[in-house]
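No hydrogens, no waters, no symmetry mates; every other heavy atom, side chains included, goes into these values.
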Amino acid sequence: MNWGLIGASTIASEHMIGAIRANSGHDVVSVLSSSPTRGKEYAAKRGITASTTSLDDILNGSDIDAVYISTTNEKHLPQAMAAIAAGKHVLCEKPLAMTVADAATMVRAAQDSGIVLATNHHLRNAGSHLAIRNLITTGRLGEVLSIRIFHAVMLPEHLRGWRIDNPLAGGGVIPDIVVHDADTVRFYLGEDPADVVAQELSGAMGVDVEDSVMSVWTTPSGVTVQTHESFTHPFAGSGIEVHGTKGSVIARNVMTQQPVGDILLRTASGEKSIEYSLHNLYERSVSKFAIAVTGDGQPAATGVDGLKSLAVAEAVKKAAVTGQRTTVDYGGY
Ligand code: NDP
């Protein structure tokens, strides 16, 4: 499968180009950048044959089967719609779009055209999260009562651009990190958070966008979820805990891009360390996408999954701004 990169981004460079090439028979053949010079340099440095500033160039290339969209968030909608119209399968970065309504437009267009639209939620591809989900679904924790998510990090210096000062490009910790946590909770529980309360902060790093948020969600089955996302915490570390009537999972350092972290299962029998697969998260995302393109199954996270994680993030933002308990609006999905 030949891929076109839409966006000469950091995530493509640090993770996705390698992940695509690690899948046998897959290569990156072209990259789109808004800057001809940067695009050329980006391509040359990473062994990509072609670079272009024209979306049409990439989409009209008969040698390209799929595109990976990793531009800033406001561009995901128009670029995905153009790719779908051109018959290219789309793996799009999170947040899928700027609004749930836009995400729904993308999902509908892909469905109508028979195109695979996937969201690059990497965490549900992690061996650690697959293992925790397995503990939940096999009943080892009993009935799940609550989940706590610790996702307050220090935004690396090289990512302190549009994320901290440009709401029009989708900046802010809510679109950046809350979507990942929402997707992880949905992946674990197989149900969608129903309503949320939240408070946000800005100013420590974010200009015109929030740089920290805490929220509490409830699910239809009565699970309460407590989350903390931030760009400003150098030493907090990440983690997730799932507490049930028969056991608790306490996982540390697992809300990351690497196959790392520790999982502890605590039950009436004592404490036990849980082993898990250490495969590359992004390689699995590409692999599941490729299988879906062949018509066999679904990508790890579909377009609808991207829409739903965005819907939770939208509700968190609304709740934080209004101070009101807010129902999550999934736009009919
Ligand atoms: P970057 O800021 O690296 O890239 C976004 C855009 O900014 C690029 O498309 C590029 O525009 C432009 N750009 C990048 N570097 C430079 C530079 N040095 N000078 C000028 N312009 C530059 O963003 P990220 O890679 O961090 O994020 C891109 C997308 O991926 C976002 O939607 C984000 O939410 C998502 N993401 C997902 C992650 C995951 O694990 N799933 C992790 C990180 C990000 P152009 O293409 O026009 O050259």
Side-chain angles (χ1 to χ4, degrees), residues 1-7 11-12 15-32 55-70 76-97 102-127 129-130 133-134 137 179 183-184 186-187 190 192 277 279-310 330-333:
M1 184 183 282
N2 284 337
W3 291 74
L5 299 186
I6 297 185
I11 177 75
H15 294 279
M16 289 301 289
I17 296 171
I20 288 169
R21 288 177 170 157
N23 276 269
S24 166
H26 289 249
D27 198 10
V28 177
V29 298
S30 187
V31 58
L32 172 79
L55 184 58
D56 284 348
D57 266 4
I58 286 214
L59 298 180
N60 294 333
S62 57
D63 54 336
I64 289 185
D65 309 296
V67 294
Y68 166 61
I69 299 178
S70 63
H76 295 179
L77 169 74
Q79 291 171 335
M81 291 302 284
I84 292 165
K88 308 296 181 191
H89 299 287
V90 178
L91 175 56
C92 186
E93 266 309 337
K94 47 51 63 171
L96 192 59
D102 287 351
T105 301
M106 292 159 68
V107 166
R108 269 195 308 272
Q111 278 167 352
D112 291 349
S113 313
I115 291 291
V116 174
L117 170 65
T119 312
N120 202 30
H121 276 308
H122 62 292
L123 290 176
R124 62 164 70 205
N125 287 290
H129 291 288
L130 286 159
R133 181 176 184 253
N134 188 48
T137 56
V179 289
D183 186 64
T184 304
R186 292 189 58 254
F187 180 61
D192 301 327
S277 165
H279 59 259
N280 181 293
L281 287 61
Y282 296 96
E283 287 176 22
R284 185 176 185 276
S285 175
V286 171
S287 162
K288 297 275 287 180
F289 177 84
I291 292 168
V293 166
T294 67
D296 191 10
Q298 294 284 317
T302 62
V304 172
D305 290 319
L307 177 153
K308 289 193 170 187
S309 64
L310 178 59
Y330 292 99
Y333 282 89

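Checking Asp305 against Thr119 by side-chain atom types alone, no donor-acceptor pair falls below 3.5 Å. No side-chain donor-acceptor contact under 3.5 Å links His122 and Ser285.
The minimum heavy-atom distance between Arg284 and His279, with the atom names listed, is CD-NE2, 3.5 Å. The two residues Ile58 and Val31 have their closest heavy-atom pair at CD1-C, 3.9 Å. For the pair Thr184 and His129, the tightest heavy-atom approach, listed with the atom from each and the gap, is CG2-ND1, 3.7 Å. Closest approach of Val90 and Ala83 over heavy atoms only: CG2-CB, 3.7 Å. Residues Leu307 and Leu96 share a closest heavy-atom pair of N-CD2, 3.9 Å. Here the closest non-hydrogen pair linking His89 and Gly114 is CE1-O, 4.0 Å.
The distance from atom CZ of Arg21 to atom CD of Glu283, rounded to the nearest 0.5 Å, is 13.0 Å. Interatomic distance, Asn60 CG to Lys88 NZ, rounded to the nearest 0.5 Å: 7.5 Å. From Asn2, atom CG reaches atom CG of Asp27 across 6.5 Å, with rounding to the nearest 0.5 Å. If you take CZ on Phe289 and OG1 on Thr302, they are separated by 12.0 Å, rounding to the nearest 0.5 Å. Between Leu91 atom CG and Met16 atom CE the span is 5.0 Å, to the nearest 0.5 Å. For the atom pair OH (Tyr330) and CG (Leu310), the distance works out to 10.5 Å, reported to the nearest 0.5 Å.
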Query raised in the report: Is there a side chain to side chain donor-acceptor pair (under 3.5 Å) between Ser309 and His121 once you walk through the steps?
Result: CA-CA 9 Å; Ser309 64; His121 276 308; 2.8 Å; yes
Query raised in the report: Step by step, would you call Ser70 with Ile6 a side chain to side chain contact (heavy atoms under 4.5 Å, CB included)?
Result: CA-CA 6 Å; Ser70 63; Ile6 297 185; over 6 Å; no
Requested in this report: Check the pair Tyr282 / Ile20 against side chain to side chain contact (heavy atoms under 4.5 Å, CB included), numbers first and verdict last.
Outcome: CA-CA 8 Å; Tyr282 296 96; Ile20 288 169; over 6 Å; no
**Report entry** side chain to side chain contact (heavy atoms under 4.5 Å, CB included) between Val67 and Leu5, intermediate numbers included
**Finding:** CA-CA 6 Å; Val67 294; Leu5 299 186; over 6 Å; no
Requested in this report: Walk me through it: do Ile11 and Tyr68 pass the test side chain to side chain contact (heavy atoms under 4.5 Å, CB included)?
Outcome: CA-CA 11 Å; Ile11 177 75; Tyr68 166 61; 3.5 Å; yes
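Residues Ile69 and Glu93 are not in side-chain contact: their nearest non-hydrogen atoms beyond the backbone lie 4.5 Å or more apart. Using a 4.5 Å heavy-atom cutoff, the side chains of Leu117 and Val107 are in contact. Inter-residue side-chain proximity for Leu130 and Phe187 is flagged as met; some heavy-atom pair is nearer than 4.5 Å.
For the salt bridge (Lys or Arg N to Asp or Glu O under 4.0 Å) with Asp183, the qualifying choice from Arg124, Lys308, Arg133 is Arg124, the only one to do so.
Side-chain atoms of His76 come within 3.5 Å of backbone atoms of Pro95 as a donor-acceptor pair (strictly under, hydrogens ignored).
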